[in-house]
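Read through the structure below, which is laid out as structure tokens, and then see the notes.
The figures here come from the full heavy-atom set of this structure, side chains too, leaving out hydrogens, waters and symmetry mates. Order of appearance sets the numbers: ligands from 1, and atoms from 1 within every ligand.
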Amino acid sequence: MNVPLSRPDISDLEIEYVTRVLRSGQLSLGPRVQEFEERFARYVGVKHAIAMNSGTSALHVAICALGIGSGDEVITSSFSFVASTNCLLYERALPVFVDIDPITLNLDPHEIRRYIRNCCLREPKTGALMDVRTGRYLKAILPVHVFGLPCDMDPILDIARENNLQVIEDACEALGARYKSRSVGTFGNLAVFAFYPNKQMTTGEGGMVVTNDHDLAAACRSLRNQGRDPSSEWLRHSRLGYNYRLSDIHCALGLAQLERLEGLLVRREKAAEMYTRALAGNSMIRLPQTPADFNRTWFIYPVQFLEPTAGNGLNARDRVLQKLRDGGVGCQSYFPAIHKQPYFQETGITPECRLPHTEAASESCLALPMFSTATPKQIRYVCDTLLAALQKETEPLKESVMTRH
Ligand SMILES: *Cc1c(COP(=O)(O)O)cnc(C)c1O
């Protein structure tokens, strides 16, 4: 049996909406863009949504809109997809990686406080926080809601308020998730979603910036469209901008997915429940934990190996991953730590803080298939294959003990 890691859920509704755009003659800058933005804003519970051609473009625009640049630092997580840090590098800002909580795998607010206490000086006149090692100013926190679980936002927002920092939420993996009854995307000055086909909903490629701030929304719209001044004529460019527009074809796909989103999320939830039932009680892995008052949605189903170097000195996670792939199961070692990536090592963008939990998680996490059309049979097959591989992990030890006799 073959089970992909992810798979988009496309129904007749998507095909109908996309076909209508194709027949309409207006493929971009048309009515579907605004409609998608309005419906998406309403779904998240924010005033403004600005559609972008990818989640990465959305992150880049968010950083530009806040004016974050070469003299600045932004606190973020190294346990993420590389885009949440690349957006800082595009603007020559320095990422400051602080460690994650080993259970939730999200940015640990205590570590943020520790960094500010140990590494920053407050300028008496302005109140600005200067990193004493780099001379740069701390401008923002960029929390990533990893694998669909919201970050612990209350302490993060407290720290931001106390220190006059901006907050940019990377909610690309967490559409529909809630923290204390509030949707992710409503906490930061800006928040970003993504619609690549492995996400909770897709537009093929695509992303969205959301905000309650009218001026930031206007800046994002202008940056998306070559820096055009919205109130003036077509070819008047008031700032350096980009072409990060999302076409009406993509937005039509997004409108259909948004209409079906609650159902898509419920079916992912059902798949997660099946995993949890089948895998509970295995002592080699930790299943995803959801703290009280956190409502997650499902991006992938992450399991964490409790003893990553058990066995003959190799990484148990990587051996099991290979066995799953050999059995036709799509899986991934999400995430390799960003600061360990070759590009980051070569350019010397390495953390000043120690990141033991980030590094442990990147060596012990395994992403299992998650998609709304997964059948019970497919999930059972993934679990059976995984449990058999875990069982095998204990056998070489037994053999080596036996050969000694
Ligand atoms: C998917 C994702 C993004 C955006 O990715 P795109 O492929 O550019 O849409 C950003 N951050 C995280 C954490 C993601 O998972």
Side-chain angles (χ1 to χ4, degrees), residues 5-8 36 40 49-64 74-91 95 97 100 104-107 140-151 153 156 167-177 184-185 187-188 190-210 220 223-224 242-247 250-251 253-254 257 268 288 296-302 331-339 341 344 358 361-362 365 367-371:
L5 180 58
S6 72
R7 214 192 123 84
F36 183 40
F40 193 86
I50 306 98
M52 301 283 164
N53 61 6
S54 75
T56 305
S57 306
L59 281 162
H60 183 200
V61 160
I63 297 304
C64 292
V74 176
I75 290 176
T76 191
S77 171
S78 178
F79 189 71
S80 173
F81 180 58
V82 72
S84 59
T85 291
N86 279 349
C87 64
L88 304 172
L89 304 185
Y90 298 155
E91 293 305 311
F97 296 124
I100 55 171
T104 65
L105 307 176
N106 280 328
L107 216 49
I141 307 174
L142 198 164
V144 183
H145 307 302
V146 166
F147 301 150
L149 181 69
C151 291
M153 288 311 295
I156 291 176
V167 174
I168 308 120
E169 287 174 78
D170 181 338
C172 291
E173 298 183 359
L175 180 61
V184 298
F187 296 96
L190 292 158
V192 168
F193 293 89
F195 310 126
Y196 185 74
N198 64 352
K199 314 281 179 181
Q200 282 87 335
M201 64 165 265
T202 187
T203 58
E205 295 279 1
M208 195 73 87
V209 181
V210 301
C220 290
L223 286 159
R224 169 180 70 177
Y242 306 88
N243 177 359
Y244 286 165
R245 297 187 301 265
L246 192 64
S247 79
H250 294 87
C251 290
L253 184 46
Q257 291 266 291
R268 282 174 174 261
R296 77 180 303 151
T297 58
W298 295 92
F299 171 57
I300 45 91
Y301 188 88
C331 53
Q332 197 55 266
S333 50
Y334 274 161
F335 290 108
I338 292 172
H339 69 276
Q341 297 284 350
F344 287 79
T358 299
S362 75
C365 267
L368 298 177
M370 174 56 68
F371 48 99

Discussion item. Can you list everything that forms a salt bridge (Lys or Arg N to Asp or Glu O under 4.0 Å) with Arg268? Sequence neighbours excluded, please.
Written reply: none
Worksheet item: Counting each atom of ligand 1 from 1 as listed, which ones have a heavy atom of Ala194 under 4.0 Å away?
Response: 4 (C), 9 (O)
Fill in: Residue, atom name and distance, where the atom is the protein heavy atom closest to atom 9 (O) of ligand 1
Gly55 N, 2.8 Å
Fill in: Identity and distance of the protein heavy atom lying nearest atom 1 (C) of ligand 1
Lys199 NZ, 1.5 Å
Discussion item. Counting C-beta onward and ignoring hydrogens, is there a side-chain heavy-atom pair between Phe344 and Leu89 closer than 4.5 Å?
Written reply: yes
Worksheet item: With only distance considered, is Thr56 within less than 3.5 Å of ligand 1 through an N or O on each side?
Response: yes
Worksheet entry | Exercise: identify the closest heavy-atom pair between Pro150 and Arg296 | CD-CA, 4.3 Å
Discussion item. Once you measure the plane-to-plane angle for Phe40 and Phe36, does it fall in the parallel (<30°), tilted (30-60°) or perpendicular (>60°) bin?
Written reply: perpendicular
Worksheet item: For ligand 1, which atoms have a heavy atom of Cys172 less than 4.0 angstrom away?
Response: 2 (C), 3 (C), 4 (C), 10 (C), 11 (N), 12 (C), 14 (C)
Worksheet item: Which atoms from ligand 1 have a heavy atom of Val144 less than 4.0 Å away?
Response: 13 (C)
Worksheet entry | For Thr76, side-chain contact (heavy atoms from CB on, under 4.5 Å) partners two or more places apart | Thr85, Leu88, Pro95, Phe97, Leu142, Val144
Item to complete: Would you please classify the geometry between the Phe299 ring and the Phe147 ring as parallel, tilted or perpendicular, with 30° and 60° separating the classes?
Response: parallel
Discussion item. Are any of the N/O atoms on Asp170, whether in the backbone or the side chain, positioned under 3.5 angstrom from an N/O atom of ligand 1?
Written reply: yes
Worksheet, complete the sentence: All heavy atoms of Gly204 vs all of Pro197, minimum pair found to be O-CD, 2.9 Å
Worksheet item: Is Tyr196 atom OH crowded by more than 12 heavy atoms from other residues, nucleotides or ligands, each under 6.0 Å away?
Response: no
Practice prompt. Around atom 15 (O) of ligand 1, find the nearest protein heavy atom and jot down its residue, atom name and distance.
Written response: Glu173 OE2, 2.6 Å
Practice prompt. Determine, using heavy atoms of Ser80 and all atoms of ligand 1, whether some pair is separated by less than 4.0 Å.
Written response: yes
Worksheet item: Based purely on interatomic distance, does Tyr196 place a nitrogen or oxygen under 3.5 Å from a nitrogen or oxygen of ligand 1?
Response: no
Response to the item:
Numbered in order shown, the ligand 1 atoms found under 4.0 Å of a heavy atom of Ser54 are 8 (O), 9 (O)
